[in-house]
Amino acid sequence: MSISNVGYWSGLAAFTSTVAYGLVQILQVAGLLQFPADEILIYGTSLCIVVPFILEMLAFHHLTPPVKQFWTHASLIFTIIYAVFVSANYVVQLATVVPAKLRGASEAIRVLEQTPHSLFWDYDAVGYVAMGLACLLAVPAVNSVGFERWVRRSLIANALVTPLISIVYFYPTFSTKLLFLGFPWAITAPLFMLMLAIMLRRRQSASTMAV
């Protein structure tokens, strides 16, 4: 399988997982999902974003001209930071916290639970801020003409949402109303993943035609 195909299909997988996460989040806020289904689905769909997103950004790096690879390399570093922090969080929630709650032993693992302003809440925050920075750093590696112009705009849009995500995570008092401040992410994140995936396939086609 070519690098472009890996990037394309990984991007589609990341896009699908992100959309699924957004839908689960909406259902939870609407009160249509209850424990343990809500937490399993939220953390599960979030975890499914990680590997495809890494592979998409890795393909992006390899399909970028060397003169612009400093930017894709920097973007890939922040992608890895995202992956490490959120994976640590979601694995702990799914493998330790949720099972403990089901056993009625939640008090013993309270420090591991992702609640507002807890340790793993901050892990999650660092992860998604890193994703936003990965998007920002990727912008110079994308052309400003043709289809890639729209890819640039999708990356910029997701980067611009990052301060809103930071407010949701770090504002002293968390509320459901505050959560809606970060809702644009549910649009900008899957959008840039999809646009980037399409761009990777187009770049490979362009290089093949050039040869």
Side-chain angles (χ1 to χ4, degrees), residues 7 10-29 33 36-61 74-101 109 111-138 155 157-171 174 178-179 181-194 196-197:
S10 295
L12 289 188
F15 162 77
T16 302
S17 298
T18 306
V19 170
Y21 162 79
L23 292 174
V24 171
Q25 185 76 81
I26 291 170
L27 291 174
Q28 185 194 43
V29 171
L33 282 177
D38 59 344
E39 293 192 12
I40 291 172
L41 289 173
I42 282 177
Y43 297 130
T45 53
S46 297
L47 188 59
C48 287
I49 298 169
V50 177
V51 172
F53 182 53
I54 292 173
L55 293 176
E56 181 179 26
M57 297 305 281
L58 181 61
F60 174 42
H61 175 65
S75 180
L76 187 58
I77 288 171
F78 278 93
T79 299
I80 298 301
I81 293 173
Y82 150 79
V84 169
F85 275 92
V86 301
S87 294
N89 180 22
Y90 302 144
V91 170
V92 167
Q93 302 309 312
L94 288 169
T96 302
V97 174
V98 172
K101 286 182 176 180
I109 49 82
V111 70
L112 300 179
E113 188 176 357
Q114 182 185 316
T115 55
H117 308 297
S118 64
L119 173 65
F120 284 96
W121 178 270
D122 291 343
Y123 271 31
D124 210 39
V126 171
Y128 285 99
V129 169
M131 177 187 280
L133 291 173
C135 289
L136 183 63
L137 289 164
L155 289 166
N158 196 66
L160 290 175
V161 169
T162 302
L164 299 179
I165 295 296
S166 300
I167 293 172
V168 172
Y169 277 106
F170 296 122
Y171 190 76
F174 177 78
L178 185 65
L179 186 64
L181 188 64
F183 180 76
W185 183 91
I187 299 172
T188 61
L191 177 63
F192 92 79
M193 292 172 188
L194 177 62
L196 189 62

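None of the values given here were measured: they were computed from a predicted structure.
- Among Tyr82, Phe78, Tyr21, Phe170, the one residue that satisfies the ring pair (Phe, Tyr, Trp, His ring centres under 6.0 Å) test with Tyr128 is Tyr82.
- Here the side chain of Gln93 pairs a donor or acceptor atom with the backbone of Leu112 at under 3.5 angstrom.
- Take Val161 and apply the side-chain contact (heavy atoms from CB on, under 4.5 Å) test, not counting sequence neighbours, and it matches Ile165, Pro184, Trp185, Thr188.
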* Going through the distances and angles, do Ile40 and Val98 end up as a side-chain contact (heavy atoms from CB on, under 4.5 Å)? -> CA-CA 8 Å; Ile40 291 172; Val98 172; 4.1 Å; yes

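- The backbone N or O of Ala159 lies less than 3.5 Å from a partner atom in the side chain of Thr162, making a donor-acceptor pair.
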* To do: Assess whether side-chain contact (heavy atoms from CB on, under 4.5 Å) is satisfied between Leu12 and Leu194, documenting all intermediate values.
  => CA-CA 6 Å; Leu12 289 188; Leu194 177 62; 3.5 Å; yes

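- With sequence neighbours left out, the side-chain contact (heavy atoms from CB on, under 4.5 Å) criterion links Ile187 to Phe183.
- Evaluation of the ring pair (Phe, Tyr, Trp, His ring centres under 6.0 Å) rule for Phe60 yields no partner, not counting sequence neighbours.
- Under the rule for a salt bridge (charged side-chain N to carboxylate O under 4.0 Å, His left out), the partners of Glu39 that lie at least two apart in sequence or sit in another chain are Lys101.
- Atom-to-atom distance recorded for Leu119:CG and Asp124:CG is 11.5 Å, nearest 0.5 angstrom.
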* Audit row: Leu179, Val168, side-chain contact (heavy atoms from CB on, under 4.5 Å) steps and yes/no -> CA-CA 6 Å; Leu179 186 64; Val168 172; 4.3 Å; yes

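- To the nearest 0.5 angstrom, Leu76 atom CG is 10.5 Å from Ile81 atom CD1.
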Which donor-acceptor pairs under 3.5 Å do side chains of residues 41-57 form with protein atoms, sequence neighbours excluded?
from: Thr45; atom 1: OG1; to: Leu41; atom 2: O; distance (Å): 2.7
from: Thr45; atom 1: OG1; to: Ile42; atom 2: O; distance (Å): 3.2
from: Ser46; atom 1: OG; to: Ile42; atom 2: O; distance (Å): 2.7
from: Glu56; atom 1: OE2; to: Ala197; atom 2: N; distance (Å): 3.1

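- Judged as a side-chain contact (heavy atoms from CB on, under 4.5 Å), and not counting sequence neighbours, Thr16 has no contacts.
- To the nearest 0.5 Å, atom CG of residue Leu33 and atom CD1 of residue Ile26 are 11.5 Å apart.
- Here the rule is ring pair (Phe, Tyr, Trp, His ring centres under 6.0 Å) with Tyr169, and of Phe174, Trp121, Tyr123, Phe85 only Trp121 fits it.
- Using a distance-only test at 3.5 Å, with no hydrogens or angles considered, no donor-acceptor pair links the side chain of His61 to the main chain of Ala74.
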